[in-house]
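Okay, structure first, notes after.
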Amino acid sequence: MTDTFKAQFFQHVDASVPQYVAELGEAVAIPSVSADLQTHLKDIIQMEEWTKSYIERLGGSAELLPNPKGVDDDGNELPPILLAEFKAADNSESKKTVCCYAHLDVQPAAKEDGWDSDPFVLTEKDDKLYGRGSTDDKGPALSWLWVIQAHRKLGVDLPVNVKLMFEGMEESGSEGMFEAIQLLSKEGKFLSDVDFFCISDNYWLGASKPCLTYGLRGLAYFSCSVQCCEQDLHSGVLGGTVHEAMTDLVQLMASLIDSSGKILVPGIMDDVAEVTPEEDALYETIDFNCESYKKENKVASVSNKLMYENEKDLLMARWRYPTLSLHGIEGAFSGTGAKTVIPAKAIGKFSLRLVPEQDPKRIEQCVSDHLNKVFASLGSPNKMNVTLLHGAKAWLSDPNHPNFAAAARATEKVYGLLPDYTREGGSIPITTAFEEATQMNVCLLPVGACDDMAHSQNEKYNKKNLINGVKVLGLYLHELGELNGPKPSDCRCVELTPEELMEPGAFMRGFKCKCFM
């Protein structure tokens with residue numbers, strides 16, 4: 001990548017901002033809400049067709065893959081998945097290939113929910129672009145198209161082959177995507193020659209410093225039900241004569257975690273890895289402040305206290321250790337006023353965020369054993385049942401992988417500083433799906449800020465982030481193009497041993513293999 005290209009590319013992006021804002025406005029105006037397929041399936045398909053037409057105008061090939069799952073559990077037709085490809089002009093077969101994932105569906109939104117403007121009309125105020133999907137995820141998705149367009153207009157060949165995989169159900173569980181990834185990863189299929197994956201569907205840790213994300217926690221979501229009778233009872237007439245379900249459930253829920261955040265379920269911490277010196281060092285330079293964190297999350301005006309007052313300890317608790325949260329009780333009276341009822345059945349909802357090496361199935365066994373033991377100690381005649389409603393493994397990548405190194409160099413050339421390397425407490429299951437199906441590295445390269453309010457009222461995308469995001473993604477392609485060595489997707493050799501992975505320079509080889517990068 002030459003300095004001349006960088007200067008021309010940056011100049012083109014800066015001059016194209018009015019076009020970008022107008023086109024993002026067109027995309028935001030399509031209410032592609034995946035939570036209501038009966039109403040909005042046509043809008044999701046319209047959004048996908050709008051994007052497909054844009055890709056084809058740029059000279060790319062595109063198709064709408066019928067959703068492998070067909071219909072959801074309610075019998076609603078599921079939207080297709082958009083697949084597209086732009087080949088490098090010269091020797092494309094020998095060039096490396098990156099697959100960029102994004103989603104074109106959005107969360108529900110209405111002005112009466114508390115928005116300051118119509119959520120489906122992109123509204124600019126103070127250099128911020130307000131609208132549903134502006135940052136999550138239509139802005140980042142369109143940024144890849146703007147990068148391609150810039151190369152076309154500047155007459156510059158793409159340094160790598162670019163594949164796009166855009167879905168329309170991410171906000172509703174990515175139905176059909178996991179089946180599609182498995183099908184498309186087979187020999188000769190769409191994903192079989194992909195060397196790197198890049199996802200821009202998360203956010204910076206703060207509002208000003210960019211980051212790269214290399215880890216996400218997994219999830220184990222449970223329900224615990226206790227039933228004492230067939231229907232609700234009058235507490236005045238029958239109170240004191242039956243073993244109440246709520247009394248049992250409250251004690252069961254209290255047995256899971258204490259007020260200091262310590263998980264009380266035996267075995268949960270057994271598989272948690274120790275912090276290595278290398279990992280510990282990654283936290284030293286992260287731009288994070290506990291006082292700002294309290295204010296951002298509306299804690300300062302209430303308790304003004306966090307579990308940890310040290311930045312490193314707080315981030316580790318948030319990212320790399322498991323946590324347990326109590327979410328609510330179904331079946332109990334929760335309305336306003338007073339209702340003197342004994343619930344016939346009460347169902348507690350709670351979840352654990354999991355870290356690498358923790359298996360949701362083993363966690364299920366630990367939780368089930370614990371609650372059964374506690375329930376037996378109560379001596380209650382009621383019926384108790386524990387159910388794992390959803391489980392997903394954690395994802396942890398190698399921040400020293402060439403894919404991350406390319407993203408870091410691109411970020412530094414745009415912002416003038418290296419990004420923070422972060423993990424997140426939430427889950428993005430698609431990352432694990434890509435890596436497990438293809439064995440290729442996934443880099444999370446966020447372009448939006450922490451205060452973009454994705455999923456909330458007044459979702460916005462800073463115009464500055466939009467501009468710099470396009471620049472980072474464009475330079476990232478060129479940094480990938482400059483990586484030496486064979487295509488990682490061509491590798492069929494054995495993985496490196498744990499000892500070999502510890503050797504200096506081992507990360508410069510392929511993804512856990514012996515191909516030298």
Side-chain angles (χ1 to χ4, degrees), residues 13-36 39-40 43-44 46-48 50-51 54 102-147 149 166-168 170-172 199-211 292-293 295-298 414-415 424 426 428 445-473:
V13 172
D14 291 336
S16 301
V17 173
Q19 172 210 321
Y20 298 161
V21 173
E23 290 176 349
L24 181 57
E26 290 181 41
V28 166
I30 302 173
S32 48
V33 178
S34 57
D36 183 2
T39 304
H40 292 291
D43 298 313
I44 299 172
Q46 180 189 353
M47 185 68 229
E48 292 179 331
W50 183 94
T51 308
Y54 199 133
H103 64 89
L104 300 173
D105 63 314
V106 298
Q107 285 279 322
K111 192 172 188 301
E112 52 267 29
D113 293 336
W115 284 71
D116 294 335
S117 56
D118 186 332
F120 295 105
V121 175
L122 192 68
T123 303
E124 183 173 349
K125 182 180 180 181
D126 299 329
D127 287 329
K128 297 177 175 63
L129 304 171
Y130 292 90
R132 176 59 89 218
S134 57
T135 190
D136 183 23
D137 187 32
K138 292 180 178 181
L142 292 182
S143 294
W144 292 111
L145 305 188
W146 296 329
V147 166
Q149 184 183 62
F166 292 176
E167 68 161 310
E170 192 274 343
E171 301 290 8
S172 297
I199 300 175
S200 295
D201 189 25
N202 64 313
Y203 303 90
W204 295 350
L205 179 61
S208 59
K209 188 177 181 183
C211 69
S292 298
Y293 184 77
K295 293 176 182 177
E296 289 166 3
N297 293 284
K298 312 301 181 185
V414 173
Y415 286 95
E424 288 193 2
I428 306 178
L445 175 50
V447 293
C450 71
D451 59 354
D452 277 355
M453 305 304 290
H455 291 208
S456 188
Q457 297 93 339
N458 299 317
E459 175 186 345
K460 57 86 177 170
Y461 195 20
N462 297 331
K463 189 185 286 188
K464 182 178 179 180
N465 285 74
L466 181 153
I467 296 167
N468 287 333
V470 176
K471 292 177 180 178
V472 169
L473 298 181

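- Distance CZ/Phe166 to CG/Asp137: 8.0 Å, rounded to 0.5 Å.
- Remark: Lys209 pairs with Asp420 by the salt bridge (Lys or Arg N to Asp or Glu O under 4.0 Å) rule, at least two apart or across chains.
- Here Asn297 pairs with Tyr293, Val299 under the side-chain contact (heavy atoms from CB on, under 4.5 Å) rule; sequence neighbours left out.
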Just list the side-chain donor-acceptor pairs under 3.5 Å for residues 17-36, sequence neighbours left out, or say none.
from, atom 1, to, atom 2, distance (Å)
Gln19, NE2, Glu23, OE1, 3.2
Gln19, NE2, Glu23, OE2, 3.3
Gln19, NE2, Tyr54, OH, 3.4
Gln19, NE2, Gln149, OE1, 2.8
Glu23, OE1, Tyr54, OH, 2.7
Glu23, OE1, Trp146, NE1, 2.8
Glu23, OE2, Tyr54, OH, 3.3
Glu26, OE1, Trp50, NE1, 3.2
Ser32, OG, Leu104, O, 2.7
Ser32, OG, Lys138, NZ, 3.0
Ser34, OG, Asp105, OD2, 2.7
Ser34, OG, Ser172, OG, 3.0
Asp36, OD1, Thr39, N, 3.3
Asp36, OD1, Thr39, OG1, 3.4
Asp36, OD2, Thr39, OG1, 2.8

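- Not counting sequence neighbours, the partners of Asp451 by the salt bridge (Lys or Arg N to Asp or Glu O under 4.0 Å) test are Lys460.
- Put simply, the side chain of Thr123 gets close to the backbone of Val121: a donor and an acceptor are under 3.5 Å apart.
- Ser134 and Leu122 get closest at one heavy-atom pair: CB-CD1, 4.1 Å.
- With sequence neighbours left out, Glu167 forms a salt bridge (Lys or Arg N to Asp or Glu O under 4.0 Å) with no residue at all.
- Evaluation of the salt bridge (Lys or Arg N to Asp or Glu O under 4.0 Å) rule for Lys463 yields Glu124 as partners, not counting sequence neighbours.
- Interatomic distance, CG of Leu142 versus OG1 of Thr51, reported as 6.5 Å (0.5 Å rounding).
- Of all heavy-atom pairs spanning Ser143 and Val470, the tightest one is OG-CG2, 3.8 Å.
- Proximity of a side-chain donor or acceptor of Asn458 to a complementary backbone N or O of Asp116 within less than 3.5 Å is detected.
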